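This report concerns only the one structure given below.
Residue numbers begin at 1 in each chain, while the letters A, B, ... track the order of the sequences. Quantities reported herein were computed from a predicted structural model and do not represent experimental measurements.
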Amino acid sequence: MENKKEAISFEVTHVCKQTGARTGILHTPHGDVKTPMFMPVGTLATVKFLSPEEIKEIGSGVILANTYHCWLRPGEDVVQAAGGLQKFMRYDGPMLTDSGGFQVFSLADSRKIKEEGVYFKSHIDGSPLFLSPEKSIEIQNALGADIIMSFDECPPYPATYEYMKNSVERTLRWAKRGKEAHKNPETQALFGIVQGGEYEDLRKYSAEELVKIGFPGYSIGGTSVGESKETMYKMIDYAVKYLPKESVKYLMGVGSTDAILEGVLRGIDMFDCVLPTRIARHGALMTSEGRVNIKKVQYKKDFTPIDKECDCYACKNYTKAYIHHLYRCNEGLGMRLMSIHNLRYLIRLTEQIREAIEQDRFGDFKDEFFKKMNLNSVDSRGF
RNA sequence: GGGGAGGUAGCGAAGAGGCUAAACGCGACUGACUGUAACUCAGUUCCCUUUGGGUUCGACAGUUCGAAUCUGUCCCUCCCCA
């Protein structure tokens, strides 16, 4: 049941007659954004190498920051004193903070999970840290993003049924505790996170219990942690099936082109991923003709843009030869141009997806894309 | 003309009698990267029919069971003094 006014609201604007995939608008305190969307990740209150103007220019709707990382540096008190994340980083668009739940997974070697929360060792200096649902929400309240996330355990894959069941139950208790600790639901929307690994009954249980607690948006976690694409798609189906149709759905940590397409087909509205920015920094560019490894000598004298079909700042103004040179010399401008390009590539993909949905031909669009990129729906890299 | 240093795989550079087909760095090549401990990580980089074989450390000739490493001659580079 609806209680107080929530910080965000979501409206479905069109459902593709061909596939059932949908477009929508997410209303946030920092503006409206169209879905399906891809959200660039800016862990430390910065999308690595990009200025706010550049982030805007690529057409991104929402950007992420991370609770764990911002807590350690610069400290949520600093961000709060600055007037919140947006003011601090001079970015006026919508933002989302992840809860630190992913660090429960990624920093697994130096952490211990207990009912009360998670004991970490700082990845910076090894000092002891403790993050709980309450603490995570408190930090996120101070950081002030439009959307904040429940503190969850992102369990490893594979995990036994027994482990997953305990984890899901604990994550549900944490979700409840987080919601109770949340101080400003009218300016920050707290999302719940469905877990349960590959087990349908656990995903169902997780989703239904979260809905009982009640959140303005739901996300699907525990994906892209080593499982096959086929398994991931099942995980999505198992979760989406038991979530309210009208609620906004966020698939966490997924950003390969094939998975975005498959996710949209299954009802996902939001995606985020470090993939485009990370592989950009590593010299891999996503293009309409597949992956371009800019470091190859073959680009030394290639004076054409990264992608002829791309409208990004890098493609409109620079050549592969120049970016190749910058990459080889480890120059920051190279990192920047490559990041801009990959992000724009994915965001442009979501624009095309929206258009296709509105024209009721998303199925065709997806098939054509897979065919063109030589992907198959179950086992593909998609960059 | 006198004195000195040196020539090692694409480049730089270790190695000073067997454990060396030769460390390491760069360069080159492959691959990975999915709610960012990530401008990172892994593998390959003398040749071949590659769990093995062949040919290497300026050239040639020696010493030795064994030489990139020791000896001789030659070729070439660099530095200092005239």
Note to self: Roughly how many Å apart are B/rU36 and B/rA32, using the P atom of each and rounding to a whole number?
What the structure shows: 22 Å
Mate of B/rG6 across any strand shown (Watson-Crick or G-U wobble, both atom pairs under 3.5 Å) is B/rC76
Handout entry: Cation over ring face, A/Lys320 and A/Tyr327, 6.0 Å, 45°
Key = no
Notebook entry, point to check: So, do A/His282 and B/rU40 meet the stacking rule of ring centres under 5.5 Å and planes under 30°?
Noted result: yes
Taken to the nearest whole Å, CD/A/Glu153 to C1'/B/rG35 is 14 Å
What I'd like to find out is whether the side chain of A/Gln86 reaches to under 4.5 Å of the side chain of A/Asp146, using heavy atoms alone.
yes
A/Ser106 side-chain N/O to B/rA37 phosphate OP1/OP2 under 4.0 Å | yes
Quick note, A/Ser256 side chain, CB onward, closest among B/rU34, B/rU36, B/rC33 is B/rU34
Judged by nearest nucleotide, the residue sitting upstream toward the 5' end of RNA chain B, A/Ser150 or A/Gly332, is A/Ser150
Rounded to whole Å, the CG-P distance (A/Asp272 to B/rU36) equals 7 Å
Sequence neighbours excluded, the answer for ring-ring contact (aromatic ring centres under 6.0 Å, His included) partners of A/His282 is none
Next on the checklist: For B/rU34 and A/Arg278 - does any side-chain N or O of the residue sit under 4.0 Å from the phosphate oxygens OP1/OP2?
Outcome noted: yes
So, is A/Thr43 close to the B/rU36 phosphate, meaning a side-chain N or O under 4.0 Å from OP1 or OP2?
yes
Atom CD of A/Glu227 and atom P of B/rC33 are separated, to the nearest Å, by 12 Å
- Message: Over all strands shown, is A/Gln195 touching base, sugar-phosphate only, or nothing at heavy-atom distances under 4.0 angstrom?
- Response: base
Rounded to whole Å, the CZ-C1' distance (A/Phe105 to B/rC33) equals 13 Å
Considering only heavy side-chain atoms of A/Val297, the closest of B/rU36, B/rC29, B/rC33 is B/rC29
request  = Tell me, with the steps shown, if A/Leu50 and A/Thr277 meet side-chain contact (heavy atoms from CB on, under 4.5 Å).
outcome  = CA-CA 10 Å; A/Leu50 303 196; A/Thr277 43; 5.7 Å; no
Sugar-phosphate only, base, or nothing, as touched by A/Ile193 at under 4.0 Å among non-hydrogen atoms | base
note: A/Leu346, atom CG; B/rG35, atom P; distance rounded to Å ~ 12 Å
Separation of B/rG35 atom P from A/Met235 atom CE, nearest Å, is 15 Å
Original post:
Does A/Gln103 place a side-chain N or O at less than 4.0 Å from the phosphate oxygens OP1/OP2 of B/rU36?
Top reply: yes
When both distances are under 3.5 Å in a Watson-Crick or G-U wobble arrangement, the nucleotide paired with B/rU36 is none
Q: Using the P atoms only, state how far B/rU45 lies from B/rA21, rounded to an integer number of Å.
A: 15 Å
inquiry  = Do A/Lys366 and A/Phe370 form a cation-pi contact, if we require the NZ or CZ to be under 6.0 Å from the six-membered ring centre and within 45 degrees of the ring's axis?
reply    = yes
By the Watson-Crick or G-U definition, both distances under 3.5 Å, B/rG27 is matched with B/rU45
Regarding the side chain of A/Met335, the nearest nucleotide among B/rC39, B/rA37, B/rU34 is B/rC39
With the side chain defined as heavy atoms from C-beta on, A/Tyr250 is closest, among B/rG35, B/rA37, B/rC33, to B/rG35
Check every strand shown and say whether A/Gly222 touches a base, only sugar-phosphate, or nothing at a heavy-atom separation below 4.0 Å.
base
Taken to the nearest whole Å, CG/A/Asn330 to C1'/B/rA38 is 13 Å
- Task: Check whether the side chain of A/Asn66 and the base of B/rG35 form a donor-acceptor pair under 3.5 Å.
- Result: no
Rounded to whole Å, the CZ-P distance (A/Arg281 to B/rA32) equals 18 Å
Out of B/rC39, B/rU34, B/rG35, minimum distance to the side chain of A/Phe49 belongs to B/rC39
* Would A/Glu208 and A/Lys204 pass as an ion pair if we require N to O under 4.0 Å? -> yes
